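Here is the structure we will look at, set down as structure tokens.
If you're wondering where the values come from, they're calculated on a predicted model, not measured in any experiment. In what follows, every heavy atom counts, from backbone to side chain, and hydrogens, waters and symmetry copies are set aside.
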Amino acid sequence: MAEIGIMGGTFDPIHNGHLLLGRQAYQEYRLDQVWFMPSATPPHKKDHVVTPVEDRLAMVQLAIEEYSYFVCSDFEIQRQGNTYTAETLRLLHERYPEHRFYFIIGADSLYQLENWYHPQEVMKQAILLVADRVYEHAPCSIEAQIAYLKESYGADIYILHCDEVDISSGELREMEAKGEKLHLYVPKCVEKYIKEHELYQEG
């Protein structure tokens, strides 16, 4: 059995914060691999046009190239329609029954988890690793929220102790549209890809 971490998201674009979180999960919980899994049609991203999946997948592949324990997975891309985490985990267990899955999330997702599609299925099918970061809208401490979800759902949740990268993909898209440099926040290969393919020019 392999211990597999799952990093899901649009990765539009992937940035150093994603890589830092993946590295910390791998090291702190002694995972065998971390799979970066770009989503095809994210159901919650309705506020902006999502970059074509081919570009997002290419950027992930470039960003993780130097890490032997990172894998770029097109598992969600191959699916049709909205890609919900509960369904993704169910299908992963069907295809890879020999693996144990750890789903890696940010602190914001921990507090929003009950609003996800079938949250009880998410918590039943994966161990959750949550980044220990400041979330300004948090109604309680991260420890209290974990205790609540454990009590209510029998969830298996652990904290990832990692440094914070204070940037989001949305902020990076805006920076690129304004002609600002991204080199402090994304790998050089990703910045080069964005420039060459003229991504995020519409703001």
Side-chain angles (χ1 to χ4, degrees), residues 4-25 28-29 31 34-51 53 56 60 73 75-77 79 81-93 100-174 185:
I4 306 295
I6 301 293
M7 285 279 293
T10 48
F11 300 114
D12 195 12
I14 188 170
H15 57 70
N16 293 339
H18 296 131
L19 300 175
L20 179 67
L21 203 54
R23 285 201 306 271
Q24 185 64 25
E28 188 171 357
Y29 290 97
L31 304 181
V34 176
W35 296 357
F36 284 74
M37 197 174 290
S39 55
T41 311
H44 59 292
K45 301 282 185 177
K46 305 296 185 185
D47 59 334
H48 68 275
V49 176
V50 177
T51 302
V53 71
R56 294 186 285 113
V60 170
S73 170
F75 190 83
E76 283 208 328
I77 292 169
R79 293 169 54 197
N82 288 333
T83 50
Y84 293 102
T85 299
E87 283 293 295
T88 295
L89 289 170
R90 181 182 65 79
L91 293 169
L92 280 170
H93 280 290
R100 179 156 51 191
F101 292 102
Y102 296 72
F103 197 72
I104 302 165
I105 60 175
D108 55 339
S109 295
L110 182 73
Y111 295 97
Q112 299 161 6
L113 196 56
E114 288 185 291
N115 298 321
W116 287 18
Y117 177 79
H118 292 176
Q120 69 280 6
E121 291 300 312
V122 174
M123 288 179 266
K124 184 172 79 173
Q125 296 179 100
I127 298 165
L128 299 184
L129 301 181
V130 56
D132 184 14
R133 295 175 178 170
V134 175
Y135 178 53
E136 60 183 24
H137 303 297
C140 61
S141 71
I142 193 169
E143 291 82 6
Q145 182 67 6
I146 289 173
Y148 163 72
L149 293 173
K150 285 184 175 181
E151 176 69 24
S152 301
Y153 299 92
D156 208 359
I157 307 174
Y158 299 94
I159 290 177
L160 279 173
H161 302 90
C162 58
D163 295 329
E164 187 167 2
V165 175
D166 190 21
I167 198 68
S168 69
S169 294
E171 290 170 317
L172 291 173
R173 293 193 298 271
E174 291 178 7
Y185 306 105

How far does CG of Leu21 sit from CG of Asn16, to the nearest 0.5 angstrom?
12.5 Å
Side-chain contact test, heavy atoms from C-beta onward, threshold under 4.5 Å: evaluate it for Phe11 versus His18 and give yes or no.
yes
Provide the closest heavy-atom pair for His161 versus Glu28 in the form atom of the first, atom of the second, distance.
ND1-OE2, 2.6 Å
Donor-acceptor under 3.5 Å (Ser73 side chain, Phe36 main chain):
no
Within 45° of the ring axis of Phe103 and under 6.0 Å from its six-membered ring centre, is that where the NZ or CZ of Lys124 lies?
no
Donor-acceptor pair, side chain of Arg79 and main chain of Ser39, under 3.5 angstrom:
no
Checking Ile159 against Glu143 for the side-chain contact (heavy atoms from CB on, under 4.5 Å) test, could you report, in this order, the C-alpha distance in whole Å, the side-chain angles of both residues, the deciding distance, and whether it holds?
CA-CA 9 Å; Ile159 290 177; Glu143 291 82 6; 4.1 Å; yes
Working note: Leu89 + Glu121, criterion side-chain contact (heavy atoms from CB on, under 4.5 Å); need CA distance, chi angles, decisive distance, verdict.
CA-CA 9 Å; Leu89 289 170; Glu121 291 300 312; over 6 Å; no
Nearest heavy-atom neighbours spanning Ala107 and Tyr111
O-CD1, 3.1 Å
So how far is it from Leu113 CG to Ile157 CD1, rounded to the nearest 0.5 Å?
7.0 Å
Minimum heavy-atom separation for Ala131 to Ile142, with atom names?
O-CD1, 3.7 Å
Run the side-chain contact (heavy atoms from CB on, under 4.5 Å) test on Leu19 and Arg23 for me, step by step, so that the C-alpha distance in whole Å, both residues' side-chain angles and the decisive distance to 0.1 Å come before the verdict.
CA-CA 6 Å; Leu19 300 175; Arg23 285 201 306 271; 4.0 Å; yes
Work out which heavy atom in Ala86 is nearest to a heavy atom in His118; give both atom names and the distance.
CB-O, 3.9 Å
Kindly indicate, with the supporting measurements, whether the criterion side-chain hydrogen bond (donor to acceptor under 3.5 Å, both in side chains) is fulfilled by Glu87 and Tyr117.
CA-CA 9 Å; Glu87 283 293 295; Tyr117 177 79; 4.8 Å; no
State, with a plain yes or no, whether a side-chain heavy atom of Ile6 is found less than 4.5 Å away from one of Leu92.
yes
Interatomic spacing from OH in Tyr158 to CG in Asp132 - rounded to 0.5 Å
16.0 Å
Identify the heavy atoms of Leu129 and Ala25 that sit nearest to each other, and give their distance.
CD1-CB, 4.0 Å
Quick one: does Trp35's side chain get under 4.5 Å of Phe101's, heavy atoms only?
yes
If I compare all heavy atoms of Ala155 with all of Lys150, which pair ends up nearest, and what's the gap?
O-CG, 3.2 Å
From His15 atom NE2 to Leu20 atom CG, the distance as rounded to the nearest 0.5 Å
10.5 Å
With a 4.5 Å heavy-atom cut-off, do Leu149 and Leu128 have their side chains touching?
no
Looking at CZ of Phe75 and CE of Met37, how far apart are the two atoms once the value is rounded to the nearest 0.5 Å?
6.5 Å
Asp12: which of Val50, Val53, Leu172 passes side-chain contact (heavy atoms from CB on, under 4.5 Å):
Val50
Polar contact flag, side-chain donor to acceptor under 3.5 angstrom, Glu114-Tyr148:
yes
Please confirm whether the backbone N or O of Thr88 pairs with a side-chain atom of Glu76, one donor and one acceptor, at under 3.5 Å?
no
Considering only heavy atoms from C-beta outward, does the side chain of Val34 approach that of Tyr102 to under 4.5 Å?
no
Pair Ser109, Val130 - check side-chain contact (heavy atoms from CB on, under 4.5 Å), show working.
CA-CA 8 Å; Ser109 295; Val130 56; over 6 Å; no
